[in-house]
Colleague: 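Supplied in structure tokens, the structure appears directly below.
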Amino acid sequence: MPNSEVEQCRTSNGVYGKTKRMHSNLPLEAFEPLFEPDQYSDTDTWHLAPFFTNLDSSVFVPLIFSPELIGALCSRASRATRDLRHIYLNEFIYPFVSPTRTEKDSEESWKEKVAYGKELKWFIDFIREHPLTEVFSNPRARSFYVTWLAQYGDDSIAQMAGMHLGFASISQVAIKHPEDQRIGLAPIEKSSRYVNFGQKVKGHYVYYTDPTLESLGLKEEYERAMDGLFSRYNELIPKLSAWLAKKFSEEKPGVVEKKAFDTLRGLLPMSTLSQVAFFGNGQAFEYMITRSLGHSLGEIRWMATRSKEELAKLAPSFFRRLDETDAEKKKLLSEYQEYLAGRGRRASPFVEEFFGAKKGVVGGEMKFGPTKAEVRLIEHDPEGENKVITGMLYSAPNMRVAWSEIFERVKRMSGAEKEKIVAAYMEGRSKRFHKAGRAFENAYVRFEVVMNNGAWRDLQRHRMLTQQRQLFTCVHGFDIPPEVTEAGLEAEFKEPIMGAEEVFAKIASRDLELAQYAVTMAHRIQFMQWENTRQCFWELELRSIPEGHPDYRVVEQEKFRQLEKVYPLISKYMLVNMGEYDFARRGQEEKIQKKAEELLKNL
């Protein structure tokens, strides 16, 4: 049960705090996350500086225009422990400008490496004299975008150009804000399943502390709770690794260690600082910045400001509207930013009015300890399967009949006739990467899910559907991994989480959004998915594979069980894996290596 301090910060019906956001007079720089830049020698800087907008800030734009090269670099963000700029220098520059032959180098690959190194040296010399930001600042192109984008508002043309944006140190709370944006941005983030987050930077664990906590008198208590989480994370990794090594004696030590990271990531708070890279088009980045500049959290406002500063070094015309000098346009921009940032806050009074919350949050009693994820199918179209079959027939080469006529005819068909059509349409689909047809977009379902934050982050990446989430909170309780319980570490796991809940409750009584930083990845989030059955094919099949995380696999398996009841004709063609697996991604490193070697042979 919750302790007395937590109880004192709760209302009589188990709800928290106030919705009114506290405003800070602190300068924006005060909200910058903890970051320690890498130190580079003069030689390092000579080789590296031309490829990035800066080497000493946690926000940067890569100036790398080869799709393969920038794609490979940003993909490293998932499992890298170092800054992407450090990786680029040591994995993509030095091995070629100063090549060393290894036993893996064939005569052909060695010659290729040396030849590429000569070209790379020449190119670096060239861009030292002719920086890429100047070479590509074509006056005609820039003038075109200023005229048509900034003056005439033809936003679609900003979709024709893309760029990358990197963050070397930003919290989970802040990362999820742009990642909530559905279209136009593609993120790849450091994985808590493969990377140890227990290191310190400047003698401090890698979490974010909002400076307004000091004015609330809660900074010290908050940091004690966060330190407690990271300290316990570090303490339990060797203990759990030893237990896992005995249970899975056939596994390699590195695989066991990563299993320990994965299992214990629930101890990491949403304030955890991480690395993330985004690819996006100009329109998407402008919208990301616009919807962030008026945000209630200072870190997100800081993130937006720094993003705009760095992106504008590469494509200033895309962001010209954010620097309006005309008084009337500036006023309209400010109003738009406030509109975007304040939508949730403006709805809050009605939550209190119509759902009976006296102090801002509607919710039941806090839940503690291990419970299963909750999955609820709360809405479906009773005519969904008929509409899907109508869609199958509508695009047939010889069809000329209107939708409504086809639909009425389908409704009169027998079950056997409908089955015959669906079977023919799906004939030949034997693998999950064989995408289901667009006809399946004609039926929608709405699921509501409560699951731990760590696993939810993977499901959040499915953006071709409508997802809405609530704030990160402790109200729904937290998960305890079964491996932790089996290893006899449950009490040690729970203790620092309970400490985080105490400080969460105190912050939440003053500021609900600020309190999100104290929530852990083990805590549960409540969210809604409104998706068509084509997206169900993709999500359920992908997230139920043996290599997937068990915490989201059980969610997708339960969604499938519920779909079977309402759409039996459709669901029978879904290739959902209903198995249970004790070790996610077992054998994947070997499979990936083998596949990579086969692909390289064919280049």
Colleague: Is there a side-chain contact between R561 and V375 in this structure, where contact means two heavy atoms from C-beta onward sitting under 4.5 Å apart?
Modeller: no
Colleague: Does the side chain to side chain contact (heavy atoms under 4.5 Å, CB included) test come out yes or no for F560 and C536, once each step is laid out?
Modeller: CA-CA 9 Å; F560 176 68; C536 287; over 6 Å; no
Colleague: Is the number of heavy atoms from other residues, nucleotides or ligands under 6.0 Å of F65 CZ greater than 12?
Modeller: yes
Colleague: Assess K190 against F197: is NZ or CZ under 6.0 Å from the centre of the six-membered ring, and within 45 degrees of the ring's axis?
Modeller: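 Satisfied, under 6.0 Å and within 45°.
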Colleague: If you count the non-hydrogen atoms of other residues, nucleotides and ligands that lie under 6.0 Å from CE in M399, is the total more than 12?
Modeller: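 Yes, enclosed.
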Colleague: Please name the pair of heavy atoms, one in L84 and one in C74, separated by the smallest distance, quoted to 0.1 Å.
Modeller: CD1-CA, 4.4 Å
Colleague: Within the 4.5 Å heavy-atom criterion, are Y573 and R429 side-chain neighbours or not?
Modeller: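 Answer no - side chains too far apart.
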Colleague: Between I289 and L311, which heavy-atom pair has the shortest distance, and what is it?
Modeller: CD1-CD1, 4.2 Å
Colleague: Ignoring hydrogens, what is the shortest heavy-atom contact between G280 and L185? Give both atom names and the distance.
Modeller: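 Between these two residues, the closest heavy atoms are CA-CD2, 3.8 Å.
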Colleague: Do L73 and F92 come close enough that some side-chain heavy atom pair is under 4.5 Å?
Modeller: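 Yes; the side chains approach each other to less than 4.5 Å.
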Colleague: Using the side chain to side chain donor-acceptor pair (under 3.5 Å) definition, which of the options K559, R446, Q467 pairs with E531?
Modeller: K559
Colleague: Is it the case that E539 and Q529 place a side-chain donor and acceptor less than 3.5 Å from each other?
Modeller: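 A donor-acceptor contact under 3.5 Å links the two side chains.
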Colleague: How long is the gap from OG on S544 to CG on L575, to the nearest 0.5 Å?
Modeller: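 If we round to the nearest 0.5 Å, S544:OG and L575:CG are 9.0 Å apart.
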Colleague: Within this structure, what is the CZ-OH distance for the pair R265 and Y233, rounded to the nearest 0.5 Å?
Modeller: 10.5 Å
Colleague: When you compare the side chains of S192 and R457, does any donor N or O come within less than 3.5 Å of an acceptor on the partner?
Modeller: yes
Colleague: Does this structure show an ion pair linking E408 with K411, if we count only N-O contacts that are shorter than 4.0 Å?
Modeller: yes
Colleague: Can you tell if the side chain of F278 reaches within under 4.5 Å of the side chain of Q181, non-hydrogen atoms only?
Modeller: no
Colleague: Using a distance-only test with no angle check, is there a side-chain donor-acceptor pair under 3.5 angstrom linking Q557 and E580?
Modeller: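 Q557 vs E580: no donor-acceptor pair found between side chains.
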Colleague: Quick one: NE2 on H476 to NE2 on H523, what's the gap to the nearest 0.5 Å?
Modeller: 11.0 Å
Colleague: Mind running side-chain hydrogen bond (donor to acceptor under 3.5 Å, both in side chains) on S571 and E564 for me, showing each step along the way?
Modeller: CA-CA 6 Å; S571 60; E564 282 185 305; 5.1 Å; no
Colleague: Please walk me through it: do K572 and E419 pass salt bridge (charged side-chain N to carboxylate O under 4.0 Å, His left out)?
Modeller: CA-CA 11 Å; K572 68 186 292 184; E419 168 64 37; 3.5 Å; yes
Colleague: Which heavy-atom pair separates V256 from F248 by the least distance, and what is that distance?
Modeller: CG2-O, 4.5 Å
Colleague: Would you check, one step at a time, whether the test salt bridge (charged side-chain N to carboxylate O under 4.0 Å, His left out) holds for R553 with E556?
Modeller: CA-CA 5 Å; R553 187 190 306 118; E556 301 301 338; over 6 Å; no
Colleague: Are side-chain heavy atoms of T520 and N452 found at a separation under 4.5 Å?
Modeller: no
Colleague: For the residue pair M163 and G282, what are the closest heavy atoms and their distance?
Modeller: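 Scanning both residues completely, I find the closest heavy atoms to be CE-CA, 4.3 Å.
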Colleague: Please check: side-chain N/O of R524 versus main-chain N/O of M451, any donor-acceptor pairing under 3.5 Å?
Modeller: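 No, the answer is negative, given that no donor and acceptor are paired below the 3.5 Å cut-off.
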Colleague: Backbone N or O of E383 within a donor-acceptor pair of the D381 side chain at under 3.5 Å?
Modeller: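 Answer holds: yes.
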Colleague: Side chains of R182 and T466: donor-acceptor distance under 3.5 Å anywhere?
Modeller: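 Yes, a side-chain donor-acceptor pair sits under 3.5 Å.
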Colleague: Does R409 make a cation-pi contact with F407, if we ask for NZ or CZ under 6.0 Å from the ring centre and within 45° of the axis?
Modeller: no
Colleague: Quick one: NZ on K387 to OH on Y444, what's the gap to the nearest 0.5 Å?
Modeller: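 Reported to 0.5 Å precision, the distance equals 11.0 Å.
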Colleague: Do the side chains of R291 and H177 get nearer than 4.5 Å, heavy atoms only?
Modeller: yes
Colleague: Determine, stepwise, if the pair H295 / M303 fulfils side chain to side chain contact (heavy atoms under 4.5 Å, CB included).
Modeller: CA-CA 10 Å; H295 199 278; M303 174 193 72; over 6 Å; no
Colleague: Under the side-chain contact (heavy atoms from CB on, under 4.5 Å) test against I389, which residue among L569, N442, I406 passes?
Modeller: L569
Colleague: Does CZ in R438 sit with more than 12 non-hydrogen atoms of other residues, nucleotides or ligands closer than 6.0 Å?
Modeller: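 No.
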Colleague: Nearest 0.5 Å please: distance from the OH atom of Y287 over to the CD atom of Q283.
Modeller: 10.5 Å
Colleague: Just verifying a value: how many Å separate R534 CZ and K435 NZ, rounded to the nearest 0.5 Å?
Modeller: 7.0 Å
Colleague: Would you check, one step at a time, whether the test side chain to side chain contact (heavy atoms under 4.5 Å, CB included) holds for Y567 with V388?
Modeller: CA-CA 11 Å; Y567 292 150; V388 167; over 6 Å; no
Colleague: Write down the atom of E385, the atom of P568, and the distance for their closest heavy-atom approach.
Modeller: OE2-N, 3.2 Å
Colleague: Evaluate the criterion side chain to side chain contact (heavy atoms under 4.5 Å, CB included) for residue pair E91 and R82; output intermediate values, then yes/no.
Modeller: CA-CA 12 Å; E91 294 187 17; R82 300 293 299 268; over 6 Å; no
Colleague: Taking the ring of F440 and the ring of W538, is the distance between their centroids below 6.0 Å?
Modeller: no
Colleague: For the residue pair F472 and W456, categorise the inter-ring angle as parallel (less than 30°), tilted (30 to 60°) or perpendicular (more than 60°).
Modeller: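 Aromatic pair F472/W456 classed perpendicular.
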Colleague: Can you confirm whether K247 sits close enough to K259 that some side-chain heavy atom of one is under 4.5 Å from a side-chain heavy atom of the other?
Modeller: no
Colleague: Side-chain contact, heavy-atom cut-off 4.5 Å: L459 with F527?
Modeller: yes
Colleague: Under the criterion salt bridge (charged side-chain N to carboxylate O under 4.0 Å, His left out), I'd like the reasoning laid out for K239 against E492: C-alpha separation, chi angles, the key distance, then a yes or no.
Modeller: CA-CA 11 Å; K239 292 182 180 181; E492 293 177 73; 2.8 Å; yes
Colleague: Kindly check if the number of other-residue, nucleotide or ligand heavy atoms within 6.0 Å of CD (E417) is above 12?
Modeller: yes
Colleague: Is a donor on one side and an acceptor on the other found under 3.5 Å between the side chain of Q535 and the backbone of L465?
Modeller: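 Answer holds: no.
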Colleague: Salt-bridge test for E189 and K176: reply yes if a basic N is under 4.0 Å from a carboxylate O, no otherwise.
Modeller: yes
